[in-house]
Amino acid sequence: MIKVMNLEKRFGDVTVVSGVSFEAERGDILGFLGPNGAGKTTTMRMLVTFLPPTSGTAEVAGYDILRESAEVRKRLGYLPENPPLYNEMRVTEYLKFMGEIKGVSSEELKSRIPDLVDICALSGVANKLCGHLSKGFRQRVGLAQALIHNPDVIILDEPTSGLDPVQIIEIRKLISSLAESHTVVLSTHILPEVTEVCNKVVILSAGKVALESDLEELLQDRTLEEVFMESIALDTSRHSGSEQVAIQ
């Protein structure tokens with residue numbers, strides 16, 4: 001479903017993402033981890049075709065993000081950390097609008113919107129203005145818009161950021177259920193969240209892949225926190241060593 005091949009992104013003389021490669025299959029929930037500034041958001045923006053890579057490429061559902069970006073967008077749902085809601089629209093109006101933009105027929109939306117209202121537990125706010133929603137419900141509406149066209153791949157950037165414990169548990173359950181028919185990339189700073197819902201993990205450090213592994217195999221004798229810190233420390237030492245060699 002997702003195949004990332006040597007992605008690189010430079011802004012002027014600054015390289016933010018360098019040679020990133022990883023894969024995720026249908027049914028995978030991939031935890032996408034890294035410290036601040038590791039290149040996670042930039043990588044996701046390239047995958048969803050918001051940013052063109054400087055070099056390398058990726059395939060989403062078999063389509064190239066550069067040569068077939070329109071086809072990629074048809075098969076991909078994206079929830080950024082701050083959902084792009086229109087505050088003056090009611091929830092169902094917003095979902096209808098987003099569905100139409102994404103090419104869903106009016107007939108299909110008649111059943112699709114009620115289904116998503118139920119799946120994302122939005123029945124109590126379906127007729128409310130988006131601008132009057134709490135942070136938790138805004139996240140739910142954002143997730144519903146990412147699912148409105150029933151995409152093959154869903155990319156979620158910090159989907160539980162700012163939520164209370166009950167909301168976090170509910171969103172995690174929803175994400176887990178998506179693996180039945182989708183591939184999910186979950187970017188988060190909350191390591192227990194990855195342990196709870198993901199079956200695979202990719203850790204970025206300084207714009208490069210420090211680790212890619214199946215989660216069950218990885219955590220047989222260690223915690224994810226230990227793995228994360230070891231991966232970041234090892235990758236940092238590699239970069240430091242390379243810099244010293246270059247200086248000499």
Side-chain angles (χ1 to χ4, degrees), residues 1-25 27-48 50-60 65 78 80-81 153-161 172 175 179 183-248:
M1 278 291 111
I2 301 175
K3 187 175 183 180
V4 180
M5 298 163 282
N6 295 312
L7 269 187
E8 180 170 306
K9 184 63 181 179
R10 295 192 302 271
F11 295 98
D13 295 331
V14 179
T15 300
V16 179
V17 174
S18 179
V20 166
S21 300
F22 62 86
E23 295 186 19
E25 303 297 334
D28 280 343
I29 302 182
L30 185 149
F32 200 46
L33 303 177
N36 289 334
K40 302 188 304 299
T41 297
T42 299
T43 300
M44 287 188 292
R45 286 177 177 170
M46 287 189 281
L47 287 179
V48 301
F50 284 3
L51 279 177
T54 304
S55 63
T57 191
E59 293 178 359
V60 174
I65 61 170
Y78 178 45
E81 185 173 356
V153 175
I154 304 161
I155 295 181
L156 309 174
D157 191 0
E158 303 287 348
T160 60
S161 175
R172 286 178 183 174
I175 293 170
T183 300
V184 181
V185 176
L186 170 64
S187 175
T188 179
H189 285 99
I190 306 171
L191 298 187
E193 192 158 85
V194 174
T195 305
E196 184 79 22
V197 303
C198 298
N199 68 297
K200 186 174 182 178
V201 65
V202 169
I203 299 176
L204 290 193
S205 177
K208 297 185 177 182
V209 174
L211 177 74
E212 178 182 6
S213 177
D214 290 334
L215 203 57
E216 183 177 356
E217 177 182 326
L218 191 65
L219 302 184
Q220 288 182 355
D221 55 357
R222 293 177 292 173
T223 65
L224 184 56
E225 288 83 356
E226 291 170 335
V227 170
F228 181 82
M229 294 307 296
E230 289 170 8
S231 299
I232 299 304
L234 179 60
D235 196 61
T236 301
S237 67
R238 286 172 181 163
H239 289 313
S240 298
S242 298
E243 290 169 0
Q244 291 170 3
V245 170
I247 291 170
Q248 293 171 355

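- Pairing each heavy atom of Leu7 with each of Gly56, the nearest pair is CD2-C, 4.0 Å.
- Counting only heavy atoms from C-beta outward, the side chains of Leu218 and Leu211 approach each other to under 4.5 Å.
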Verdict with reasoning, Phe32 to Asp157, per side-chain contact (heavy atoms from CB on, under 4.5 Å): CA-CA 9 Å; Phe32 200 46; Asp157 191 0; over 6 Å; no
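- One distance of note links CZ of Phe22 with CD1 of Ile203; it measures 13.0 Å at 0.5 Å rounding.
- Rounded to the nearest 0.5 angstrom, Ile29 CD1 and Cys198 SG are separated by 6.0 Å.
- Within the 3.5 Å criterion, the main-chain N or O of Glu23 finds a donor-acceptor partner in the side chain of Glu212.
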List, one per line, each side-chain donor-acceptor pair under 3.5 Å for residues 186-196, sequence neighbours excluded.
from	atom 1	to	atom 2	distance (Å)
Thr188	OG1	Ile190	N	2.9
Thr188	OG1	Glu193	OE1	3.1
His189	ND1	Glu158	OE2	2.6
His189	NE2	Asn36	OD1	2.9
Glu193	OE1	Thr160	OG1	3.2
Glu193	OE2	Thr160	OG1	2.6
Glu193	OE2	Arg172	NE	3.2
Thr195	OG1	Leu191	O	3.4

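- At a threshold of 4.5 Å between non-hydrogen side-chain atoms, the residues Ile175 and Leu156 count as touching.
- Formation of a donor-acceptor pair under 3.5 Å by the Lys208 side chain with backbone atoms of Ser18 is not found in this model.
- Taking the side chain as every heavy atom from C-beta outward, Ile232 and Met229 never approach each other to under 4.5 Å.
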Audit row: Glu230, Arg222, salt bridge (Lys or Arg N to Asp or Glu O under 4.0 Å) steps and yes/no: CA-CA 11 Å; Glu230 289 170 8; Arg222 293 177 292 173; 2.6 Å; yes
Under 3.5 Å, which donor-acceptor pairs link side chains of residues 8-17 to any protein atom two or more places apart or in another chain?
from	atom 1	to	atom 2	distance (Å)
Glu8	OE2	Arg10	NH1	2.3
Lys9	NZ	Pro52	O	2.7

Stepwise side-chain contact (heavy atoms from CB on, under 4.5 Å) check, Leu224 with Leu219: CA-CA 7 Å; Leu224 184 56; Leu219 302 184; 4.1 Å; yes
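- Side-chain contact between Pro53 and Ile65 is present, with at least one heavy-atom pair separated by less than 4.5 Å.
- With hydrogens and angles disregarded, no donor-acceptor distance shorter than 3.5 Å links the side chain of Glu217 to the backbone of Asp214.
- The backbone N or O of Glu25 sits less than 3.5 Å from a side-chain atom of Thr183, completing a donor-acceptor pair.
- Here the side chains of Leu30 and Val202 are in contact, with some heavy-atom distance below 4.5 Å.
- A heavy-atom distance below 4.5 Å is not found between the side chains of Met46 and Met44.
- Applying the ring-ring contact (aromatic ring centres under 6.0 Å, His included) test to Tyr78 and every residue at least two apart in sequence or in another chain returns Phe50.
- Gly207 approaches Val20 most closely through the heavy-atom pair O-CG2, 3.3 Å.
- You'll find the side chain of Val185 reaches within 4.5 Å of the side chain of Ile2, heavy atoms only.
- Summarising the geometry, atom CD1 belonging to Ile155 is positioned 4.5 Å from atom CG belonging to Leu47; distances are rounded to the nearest 0.5 Å.
- Rounded to the nearest 0.5 angstrom, Arg45 CZ and Lys40 NZ are separated by 11.5 Å.
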